[in-house]
Structure formats: C-alpha cells, structure tokens
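I have placed the structure first, in the form of structure tokens, so that the comments after it can refer back to it.
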Protein chains: 2
Amino acid sequence: MLEVERPIEVFLEILGRRGSFPILWALVRGPQRFSALQQETGLPPRTLSLRLKELEDFALVSRTAYPQVPPRVDYALTKKGEGLKGALEALLEWEKTL
Amino acid sequence: MLEVERPIEVFLEILGRRGSFPILWALVRGPQRFSALQQETGLPPRTLSLRLKELEDFALVSRTAYPQVPPRVDYALTKKGEGLKGALEALLEWEKTL
DNA sequence: CAGGATCCTGATCGATACTG
DNA sequence: CAGTATCGATCAGGATCCTG
C-alpha cells in the first residue's frame, strides 16, 4: 500500500475535529475576531486556537493582527476557503434530507 | 450556549475518522465485500470493522450477510448514503483546485 | 484581548493473534 | 471469510492559570 494520505482526507480529518465546521461556517458570514468566534462556537480558547492554526496551515483561513492595545485579530476565509462554501452548502443541504 | 451537536457535526466527525471517506467512496461504485474494502482501503480489520459499524449506525451503509460457508457479507450504500454522493463529489471537485 | 503553558483523562489507532 | 480480543502508543480535548 504505502500510500500517502490524500489532501482531502487530511482536510476531512481537520473538518471532523471539534469546532471546525462552526468556525468555517461563521467565517462565511465575514471576518470575525477571536472573541466573537469564541462566543459563537463555545470553544475553550485553547481548542479554538488550535483549530484556527490548523485551518491557517491548510490555507483556508487568514489571520490579521492589528498592532494596538488591546490587541485585535481578525480571522477570515481565504480564496481557497471561499471555494469550500459550495461543498459545505451541499453538506448542509444533505443534512436537511435526514 | 448549551447546544446539542448538530447531526452534520456528528457526521463530519465520523467522516473525519480513518478510512471513512475511502470506504464511502468505494461503495459509491457499488456493493463490496469486507475483504474487498480491506484491500482498497488498506485498513486493518479492526478499524474497518469499527468504521463500517459507525456508518451503519448512521444509516449510511447497510450490511447483508449470506448464510454460507465460508461467510459472505456485502456492504452497500443506503438511500441516505447515496444522497451523500453529491456532497462527496463537491469535496473532490474542490480538492482539485488546491 | 488573544492566546500560550500545563496537566490530565478518555478516545482512537495500529499490530498481532485468534475464532465461528 | 469476516470479523473479535487484547495491548500499547499516540492523540484530542477540557479545565485552569498565566501573560504580552
């Protein structure tokens, strides 16, 4: 076998983790701050942070920090992330038929 | 908050586990036996068995055992599972743009 | 405000061996 | 053939506390 995991499987693994879908779905509505995402997803900071970093590594989400006090950081979908919208909607559509 | 997890998140969790996507994708091509799925996915029997049971519990896959020696068991997509095809293809389509 | 560091528990997974 | 049993390693996720 010796096959390397396909990108889609890696992605699905990430998508399957706690909070990934809610985060992505929240960002479809536009850029959000860390605290807003925390509110909407109900995730503890550690988990939210981990998830965002993974999504960033996967180039689905971008991080923008504004150098001010107190700090302000915005998370947004990248072009690649936007491309996912269709698939996410297909999933949501399918969910309705359950 | 106090929200129960949405079905789609439960599903994504399952889909994110080792082998789920390959199994589903193999079954899109038609019913398969346990050993065939083992071959195609490269999963150890334990993991394949666990995954199939989860997919069965989620009513995406059906199991049919023929009472003969040696035993023969077929796994196939249910109607509900077939409904997923579109979303899986959307995912695959998106993967190509990576 | 936006996280990082620690600690810890339970889930998950692969390898291997065995059976109806 | 189609699984199950067992074991050990690894990993994910929550809670809590701390800081630039």
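Below, read A as the first sequence line, B as the second, and so on, with proteins coming before strands; counting in each chain starts at 1.
Listed nucleotides: D:dG3, D:dT4, D:dC1. Nearest to the side chain of B:R63: D:dG3. Considering only side-chain atoms of A:P70, the nucleotide from D:dA2, C:dC1, C:dG3 that sits closest is C:dC1. Among D:dG13, D:dG3, C:dG3, the nucleotide with an atom closest to any side-chain atom of A:R18 is D:dG13.
A donor-acceptor contact under 3.5 Å is not formed by the side chain of A:R46 with the base of C:dG4.
Neither OP1 nor OP2 of D:dA2 sits under 4.0 Å from any side-chain N or O of B:S49. Listed pair A:K53 / C:dG4 meets the phosphate criterion, a side-chain N or O lying under 4.0 Å from OP1 or OP2. For A:Y75 and C:dC1, the shortest distance from a side-chain N or O to OP1 or OP2 is not below 4.0 Å. The phosphate of C:dT12 has neither OP1 nor OP2 within less than 4.0 Å of any side-chain N or O from B:T47.
B:T41 places a side-chain N or O within 3.5 Å of a backbone atom of B:L37 that can act as its donor or acceptor partner.
The separation between B:Q38 atom CD and D:dC1 atom P is 10 Å, rounded to whole Å. Counting to the nearest Å, the P atom of C:dA11 and the CZ atom of B:R17 are 11 Å from each other. Rounded to an integer number of Å, the gap from CG of B:L48 to C1' of D:dA5 is 17 Å. Taking atom CD on B:E9 and atom P on D:dG13, their separation rounds to 12 Å, with Å as the unit. The distance from atom CG of B:L43 to atom P of D:dG3 is 14 Å, rounded to the nearest whole Å. The CD1-P distance, from A:I23 to C:dA2, rounds to 14 Å in whole Å. Nucleotide D:dA2 holds its C1' atom 13 Å from the CZ atom of B:R72, rounded to whole Å. Rounded to an integer number of Å, the gap from A:L50 CG to C:dA5 C1' is 12 Å.
Here the CG-CG distance, from B:L15 to A:L12, works out to 4.5 Å after rounding to the nearest 0.5 Å.
A side chain to side chain contact (heavy atoms under 4.5 Å, CB included) with B:L27 is found for exactly one of B:L60, B:L55, B:V61, namely B:V61.
Across all strands shown, A:P71 has heavy atoms under 4.0 Å from base atoms, whether or not it also approaches the sugar-phosphate. Looking at heavy-atom distances under 4.0 Å, B:Y66 makes no contact with the nucleic acid at all.
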Candidate pair B:R18 and A:E9, rule salt bridge (charged side-chain N to carboxylate O under 4.0 Å, His left out), full reasoning: CA-CA 8 Å; B:R18 284 244 145 221; A:E9 293 181 47; 5.5 Å; no
Please list every donor-acceptor pair under 3.5 Å in which a side-chain atom of residues 81-96 of chain A meets a protein atom from a residue at least two apart or in another chain.
from  : atom 1 : to    : atom 2 : distance (Å)
A:W94 : NE1    : B:K80 : O      : 3.3
A:E95 : OE2    : B:I8  : N      : 3.3

